[in-house]
Amino acid sequence: MAPSANPFDASRSELMSLLKPLLTAASAAGHRRLLVFSGSAAWARRQAEEVMSVVKARHPVWLGEANDSPQIAVPLSAASRFLGRELDLVVFDAHVGFDPDGFAAISGALKGGGLMLLLIPPLRGWPQAPDSECRRLAVYPHSEQDVGGRFLRRLARVLERDPAVAWFVENQCAVIAASPQPSGGQARPPDGDCRTPDQSAAVEALIHVVTGHRRRPLVVTADRGRGKSAALGIAVARLFNAGRCGRVIVTAPRRDAVNVVFDHAARRLPRATVHRNRLDCEGGRLEFVAPDALLGSARSADLLLVDEAAALPAGLLVQLLERFPRVCFATTVHGYEGTGRGFSVRFAPTLDRLAPGWRRLQLEQPVRWAPGDPLEDLVFRALLLDAEPPSLPDDRNAVSGLRIERLDRDRLAVDETLLRDVFGLLVAAHYRTTPLDLRHLLDGPNLDVWIARVGRDVVGTMLVAREGGFDAGLGRKIWAGERRPRGHLLPQALALASGLEEAPCRLALRVIRIAVHPRLLRRGIGTAMVGRLVHIAGEEGFDIVGASFAATVPVIGFWAACGLLPVRVGTRR
């Protein structure tokens, strides 16, 4: 990229001369563009307001803080409320803080031809700048200042190296990225409701779940922006209009996650009445029911839709599968709210056992933007949304020569291959792995990262939190239920549930996550990692090693095989 001759602060006319060709090219290509404004908060926000006045977007959203201006800012934590919307301009103010989950969520709502404005402190000082999101990572007695800056340093490198990012730096020239080439468009499906052939195929497959044989569930997976949830709503409307279905229940981790389903159904059912959790029409009823409420009731349905299934526990999905004869599971493959890739790997054997006639459908064609979108590529790289377990040699079956080591996180943050391998294992093993976990992995002040290798191959990983070690006075208050410092699950659970007054004063290591390569499960790798941790704990003066986990039979068996004893049982799954 070559710097333009336009200095900053730019006048409105200068700004327009810079933005007009960029906007024209992005619109022609059907792609979205990222503009980074790096400098003081006041300067960056002023430039963003100028861009908004020039572009005059119909559906702008400002996340973070705005100056005293007509712009209405919403908190970073509210990014998920825009899922399913089609925005043409987004301002993401990282002077407030950088929320990886929010960045991933809001980027998925930006449509082709739209702009995302990322406002950041001066690049070199960004990792040290105040960041409210550090509160989520700082456990007692650590403060926000104790949270590392590795995540932001890596993010800065990713942004700097991306040729499609346009840079506007305070007191410097603007650097305008090369314009994307038009994509050539996409094939349109024959019907007017759907925007891609993929989406049309998904609607037909959903209808077949109702009209075909029972116990033939459908699994629909897609990356963000492929029209997955819209397809659910379109299919519901067609079923109701045709009189083929009278009652549809949709469930998801949150009510907001199914707004798109209700919106697309309502558009095609003009006489329908819509309430908060229900749509009624002459042909039938669409109702949202939370997963736990659904299992706790006697409700029946002609069709059950489970949206964002990857963000729900596997045991709950099994109960829904066993109870409802016609069901569709839909999930985002690489999403901020859970990992659909891991869901597909783990849930497929259950489907094979309980519903051998099940069908999988993957939506590839984007709906909101054209293929090859540079912002999608950037978000995937920056947040490792597409991380998967490392590829292993075809003959990798033996695990002899297993080496277990604690990683230097400074080195991990600059070793992109190793970081992707570690995070890919976590994604495959844990359904609730989100981009925030990447920041926690790199910067959590009480966290250690362990890996297991066979040769050069990473075959396992383990995240371990250091807990406890309180003084006697605070320890007694914890035991009495008067104080509950953030974090420190094991010592506090032992004090409160088991009545051990001295537990908060003891030093503990808690295994937060443990993952083994899917090809090498049940080879002793996980137990070897825990065994190594127990050995190191003794050498380094720790008193307790433990974990907190969902109590399924295989997982209980794993921890028992590691020599750990159950000391507390929860009151719910």
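The shown structure was predicted, so the numbers you read here are calculated from the model rather than taken from an experiment. If you read the sequence from its start, that first residue is 1, and numbering goes on from there.
Although no hydrogens or angles enter the test, the distance criterion places a donor-acceptor pair under 3.5 Å between the side chain of Gln199 and the main chain of Gly227. A donor-acceptor contact shorter than 3.5 Å is absent between the side chain of Arg285 and the backbone of Arg278. A donor-acceptor pair is defined here as one N or O able to donate and one able to accept, closer than 3.5 Å; no such pair exists between the side chain of His517 and the backbone of Ser391. Using a distance-only test at 3.5 Å, with no hydrogens or angles considered, a donor-acceptor pair links the side chain of Arg326 to the main chain of Val209. Proximity of a side-chain donor or acceptor of His264 to a complementary backbone N or O of Asn259 within less than 3.5 Å is not detected. Looking only at distances, no side-chain donor or acceptor of Arg381 sits under 3.5 Å from a matching main-chain atom of Asp162. Using modelled atom types, one side-chain atom of Arg215 and one backbone atom of Phe324 make a donor-acceptor pair closer than 3.5 Å. Counting only distance, with no hydrogens or angles, the side chain of Ser107 and the backbone of Phe103 share a donor-acceptor pair below 3.5 Å. No side-chain donor-acceptor contact under 3.5 Å links Arg216 to the backbone of His208. Checked by atom type and distance alone, the side chain of Thr461 never pairs as donor or acceptor with a backbone atom of Val422 at under 3.5 Å.
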Can Arg254 and Glu308 be said to form a side-chain contact (heavy atoms from CB on, under 4.5 Å), step by step?
-> CA-CA 9 Å; Arg254 305 172 320 281; Glu308 297 308 343; 6.0 Å; no

Asn277 vs Val289, side-chain contact (heavy atoms from CB on, under 4.5 Å): CA-CA, chis, key distance, verdict = CA-CA 7 Å; Asn277 291 324; Val289 184; over 6 Å; no

Take Leu159 and Leu378 through the test side-chain contact (heavy atoms from CB on, under 4.5 Å) and record every step on the way to the result.
-> CA-CA 8 Å; Leu159 291 171; Leu378 171 68; 3.9 Å; yes

Evaluation steps, side-chain contact (heavy atoms from CB on, under 4.5 Å), between Asp437 and Arg513 = CA-CA 10 Å; Asp437 290 307; Arg513 300 280 175 89; 4.0 Å; yes

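More than 12 non-hydrogen atoms from other residues, nucleotides or ligands lie less than 6.0 angstrom from CZ of Arg276.
The CH2 atom of Trp167 sits 8.5 Å away from the CG atom of Leu34 when rounded to the nearest 0.5 Å. To the nearest 0.5 Å, atom CG of residue Leu22 and atom OG of residue Ser27 are 11.0 Å apart. Atoms CG and CG, from Leu35 and Leu118 in turn, are 10.0 Å apart once rounded to the nearest 0.5 Å. In this structure, CD on Glu50 lies 16.0 Å from CZ on Arg45, to the nearest 0.5 angstrom. Rounding to the nearest 0.5 Å gives a distance of 7.5 Å between OG1 of Thr211 and CG of Leu239. Here the straight-line distance linking atom CG of Leu117 with atom CG of Leu63 works out to 12.0 Å at 0.5 Å rounding.
Checked for salt-bridge contact, Asp302 and Arg247 miss the test: no charged N lies under 4.0 Å from a carboxylate O. A salt bridge links Arg32 with Asp373; the closest basic N to acidic carboxylate O contact falls under 4.0 Å.
Glu416 meets the salt bridge (charged side-chain N to carboxylate O under 4.0 Å, His left out) test with Arg154; sequence neighbours excluded. By the side chain to side chain donor-acceptor pair (under 3.5 Å) test, Ser229 pairs with Asp307, sequence neighbours left out. A search for side chain to side chain donor-acceptor pair (under 3.5 Å) contacts involving His213 returns nothing, not counting sequence neighbours. By the side-chain contact (heavy atoms from CB on, under 4.5 Å) test, Arg136 is found to be paired with Asp99, Asp101, Glu133, Leu436, Arg486, residues two or more places apart in sequence or in another chain being considered.
Both the sub-6.0 Å distance and the 45° axial angle are not jointly satisfied by Arg268 relative to the ring of Phe240.
Nearest heavy-atom pair, Thr434 versus Phe423, reported as atom, atom and distance to 0.1 Å: O-CZ, 3.6 Å. Residue Leu383 comes nearest to Pro100 through the heavy atom pair CD1-O, 3.6 Å, listed as atom of the first residue, atom of the second, then distance. Of all non-hydrogen atoms in Leu206 and Ala235, the two that sit nearest each other are CB-CB, 3.7 Å. The two residues Arg33 and Ala164 have their closest heavy-atom pair at NH2-O, 2.9 Å. The two residues Leu232 and Cys328 make their nearest non-hydrogen contact at CD2-SG, 4.3 Å. Of all heavy-atom pairs spanning Leu123 and Ser38, the tightest one is N-OG, 3.2 Å.
Residues Cys134 and Arg439 meet the side-chain proximity criterion, which asks for heavy atoms closer than 4.5 Å. Residues Asp386 and Arg420 form a side-chain contact, since some pair of their non-hydrogen atoms from C-beta on lies under 4.5 Å apart. Inter-residue side-chain proximity for His95 and Pro121 is flagged as met; some heavy-atom pair is nearer than 4.5 Å. Thr196 has its side chain out of reach of Leu363: every pair of non-hydrogen atoms, C-beta onward, lies at least 4.5 Å apart. Val250 is listed as a side-chain neighbour of Phe262, based on a closest heavy-atom distance under 4.5 Å. The shortest distance between side-chain heavy atoms of Pro253 and Pro291 does not fall below 4.5 Å. For the pair Ile249 and Arg299, the minimum side-chain heavy-atom distance is below 4.5 Å. Using a 4.5 Å cut-off on side-chain heavy atoms (C-beta onward), Val427 and Leu384 make no contact.
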Check residues 82-92 and write down every donor-acceptor pair under 3.5 Å in which the side-chain atom is one partner and the other belongs to a residue at least two apart or another chain.
unit_1	atom_1	unit_2	atom_2	d
Glu86	OE2	Arg195	NH1	2.7
Asp88	OD1	His59	N	2.9
Asp88	OD2	Arg58	N	3.0

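With respect to Arg150, the side chain to side chain contact (heavy atoms under 4.5 Å, CB included) criterion is satisfied by exactly one of Leu441, Leu419, Asp443: Asp443.
Ring pair Phe37/Phe168 is parallel by interplanar angle, where below 30° counts as parallel and above 60° as perpendicular.
Sorted by first and then second residue, the salt bridge (Lys or Arg N to Asp or Glu O under 4.0 Å) pairs with a member in residues 229-244 read Asp191-Arg238, Asp193-Arg238, Glu204-Arg238; sequence neighbours excluded.
The ring of Phe347 has its center closer than 6.0 angstrom to the ring center of Phe329.
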